[in-house]
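Each residue takes its place number in the sequence, starting with 1.
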Amino acid sequence: MAMRIMEAAGAGLDHPAFDGVPRTAGRSPDSGGDEEALKLLMFVDGSSSLRDLAEVLTIEPDAVVRLAVALHGDGVVTFDDEYVKQWLTEDEPSPARPSAPQEEGQAAPGAQPAVEEKLRVIGEVPPSAAPAPAPQEEAREEPEDLPGEIVQEGRLDDTPAWQVLTRIARTDFQGWIKLSSAAGRRNVLVFGGRPVYCTSDVVEEDLAHLLRQKEAIEEDAFARDREAAGDDLDPSRRLVRMGVLPEYNRLRAVRWRAQTILFNLLELDAGTFLVEKLERLPRRTPRFDLNFNRVLTRFLDEKLPVDEEVEKLQEKMEFYLVPTAGAGEQSFKEKEQRLWDVVQERPRKLKSLFSLSTMFRMETYKFILLLLVNGLAELTKSVSFEEGPLDLRLVDDMADDLEDQNLFEVLGVHAVSDQVDVDQGYRRMLKKFDASAFKSLDDVQRTAIARCRARVDEAYKALRDEGDRNRYRREVFTAYQLAQFAQLQYQKGEIFLWWRQSPKESFPFFRSAMELDPAQPLYWAAYSISALSGGNSDPRVRQQSAKLADRVANMANVDPTALVMAAGALIKMGQAGRGEECLKKATAMSPGNAAVSKMIKSVLSSGE
């Protein structure tokens, strides 16, 4: 028996089976460890087709087919009845009557909900495992006001919005936080205590308005959007249809808007709030990892008056800052992450943290406040163990953990770290696992520290050479993880190339991105323009850059940004006419895109 959708596996994205629009069905996948499935589920929003998801996530068509069949069979996603009948019903080899297609939202026999925490670890925010309601017609939007239980309400004058959200962040709450103020109404969808989506009826927080403020769309495009604002089309899809917003950036723009609303509402200190608990999340409402900790950090840094709180901390310099048991892994900015690593090593007095911090004093105060506000750490007058580079009560567990960690984690550095980072991480770990730093050690502790030290030496020996580091990355990390690392390196390179006008400093990042994800034309073009603009003088590198730029320029379907950078490389090679043709093509592909227009101006000015 076979399903007709399997015909699409080798036919490419033009096959009509990729028109299907999946919707989450209220269950977690049976296989919690299938990384590609989790990756796809992050972007299932009830309006994106399988084709959209494949293009946004750069998943191979046959993989999309396989995932769609598996997730539908497990009752994790649903499709409309007509699509199920046409593509997801098995063809019987005999004339016997085929079995009825599985009802939407119904789990396959024996399927068990996966542990939702596993999904959150990699950034996916799954729907509740509650049974899904009966399927609805495709054209009808599921109402956002699902019946829920009001568990708290009050005035923002008494409890500011940032306190409401940070308190809920310490719980496993699931539902809506609804805030009303003079400016308008804002709603925050929460899963596991963390915001996963935000809505707002404040005009200035409409997607087109926000993009206009960032100069990401031009005035004529904004005017056209305002004229069409009365239609029933989703605002992000309207901008895509108008050619203002690239399809591959649509979901990223929706997430960015949600984060912007979240940041703005944290400042609310007048109005009312209502906390409504839901049995399950709305199926058609997008869900993202909004990185609440980072948004809150920015809010504390830019908006919250912290003078009074700082004065309180100054009176407690002899107190110890102790990480809480449920703190776990967090995502902070680079300097903040270093201090957080120090805090996690062992409890330290507040006064000692300031000597160890690489941030300015006020930034350190604000970060400590962030840890306290989020319940990631607490202050205590005393600790009951010998002070040293680490907590001796945990050293045996540390030795076991190091054996399970990859070598980058052993040295406490990121997977895309360079030689300088590896050397610094090694020296830091040698100090951490220095037995001579303690007054007294028993045999078990001394053996555990020796095991840790041996694992650190092993990691440094394996990672100190650049070629060895690259090979190790390919052995340990999945293609998806390498692609994420590559994107991170590319974004760093962009800062040096376009903002700081330093091709030489940008080149190592673009080279790293291309090594991590060698099939991405965007990184070819960035590597080429960086090298040919003075980033690298090696004749072989410049020759390779010329070939890569030529390949990108000849591609039929390519990111306009990549095309602009390839054009810049061609102009540097003396092929001005061909470069200008590429720029015209990029302009035609993204009319009204202010970011592309700005990049074109930069390329032309640098070529003069």
Taking the six-membered ring of Phe191 as reference, does the NZ or CZ atom of Arg287 fall below 6.0 Å from its centre and within a 45° cone about the axis?
-> no
Can you measure from [atom1] ([X]) to [atom2] ([Y]) and round to the nearest 0.5 angstrom?
X: Asp341; Y: Leu356; atom1: CG; atom2: CG; result: 12.0 Å
X: Asp157; Y: Thr272; atom1: CG; atom2: OG1; result: 9.0 Å
X: Asp80; Y: Thr78; atom1: CG; atom2: OG1; result: 8.5 Å
X: Glu363; Y: Ile368; atom1: CD; atom2: CD1; result: 12.0 Å
X: Trp176; Y: Leu189; atom1: CH2; atom2: CG; result: 4.5 Å
X: Leu296; Y: Asn291; atom1: CG; atom2: CG; result: 10.5 Å

Give me the atom names and distance for the closest heavy-atom approach of [X] to [Y].
X: Ala253; Y: Leu245; result: CB-CD2, 4.0 Å
X: Ala595; Y: Asn593; result: N-OD1, 3.0 Å
X: Phe292; Y: Arg194; result: CD2-NH1, 3.3 Å
X: Ala161; Y: Leu179; result: CB-CD2, 3.7 Å
X: Ser200; Y: Ile261; result: CB-CD1, 3.7 Å
X: Glu204; Y: Leu210; result: O-CD2, 3.5 Å

Are Arg186 and Glu205 ion-paired here, with the side-chain N under 4.0 Å from a carboxylate O?
->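 Looking at Glu205 together with Arg186, the answer is yes, because their closest N to O distance falls below 4.0 Å.
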Are any of the side-chain heavy atoms of [X] and [Y] separated by less than 4.5 Å?
X: Phe273; Y: Leu265; result: no
X: Leu488; Y: Phe485; result: no
X: Arg185; Y: Lys178; result: no
X: Val190; Y: Val196; result: no
X: Val84; Y: His72; result: yes
X: Arg238; Y: Leu207; result: no
X: Lys214; Y: Trp256; result: yes
X: Pro195; Y: Leu165; result: yes

Under a 3.5 Å distance rule, please check whether [X] uses its side chain to pair with a backbone N or O of [Y] as donor and acceptor.
X: Gln259; Y: Leu290; result: yes
X: Gln520; Y: Leu522; result: yes
X: Ser357; Y: Leu353; result: no
X: Gln174; Y: Leu278; result: yes
X: Arg255; Y: Asp289; result: yes

For the pair Val343 and Arg348, evaluate side chain to side chain contact (heavy atoms under 4.5 Å, CB included) and give the outcome as yes or no after the intermediate values.
-> CA-CA 7 Å; Val343 171; Arg348 297 176 188 270; over 6 Å; no
Determine whether more than 12 heavy atoms belonging to other residues, nucleotides or ligands lie under 6.0 Å from atom CD of Gln491.
-> yes
How about Glu302: does its CD atom have over 12 heavy atoms from other parts shown lying under 6.0 Å from it?
-> yes
Could you walk me through whether Thr285 and Thr199 pass the side chain to side chain contact (heavy atoms under 4.5 Å, CB included) test, one step at a time?
-> CA-CA 10 Å; Thr285 301; Thr199 67; 5.8 Å; no
Ring geometry between [Y] and [X] (parallel below 30°, tilted from 30 to 60°, perpendicular above 60°):
X: Phe509; Y: Phe496; answer: parallel
X: Phe288; Y: Tyr197; answer: tilted
X: Tyr523; Y: Tyr490; answer: tilted

Among Tyr365, Phe360, Phe367, whose ring pair (Phe, Tyr, Trp, His ring centres under 6.0 Å) with Phe354 holds?
-> Tyr365
Show your reasoning for whether side chain to side chain contact (heavy atoms under 4.5 Å, CB included) applies to Tyr83 and Asp19.
-> CA-CA 9 Å; Tyr83 184 86; Asp19 293 335; 5.6 Å; no
Checking side chain to side chain contact (heavy atoms under 4.5 Å, CB included) for the pair Trp498/Met565: CA distance, chi angles, key distance, verdict?
-> CA-CA 11 Å; Trp498 302 113; Met565 288 191 287; 3.8 Å; yes
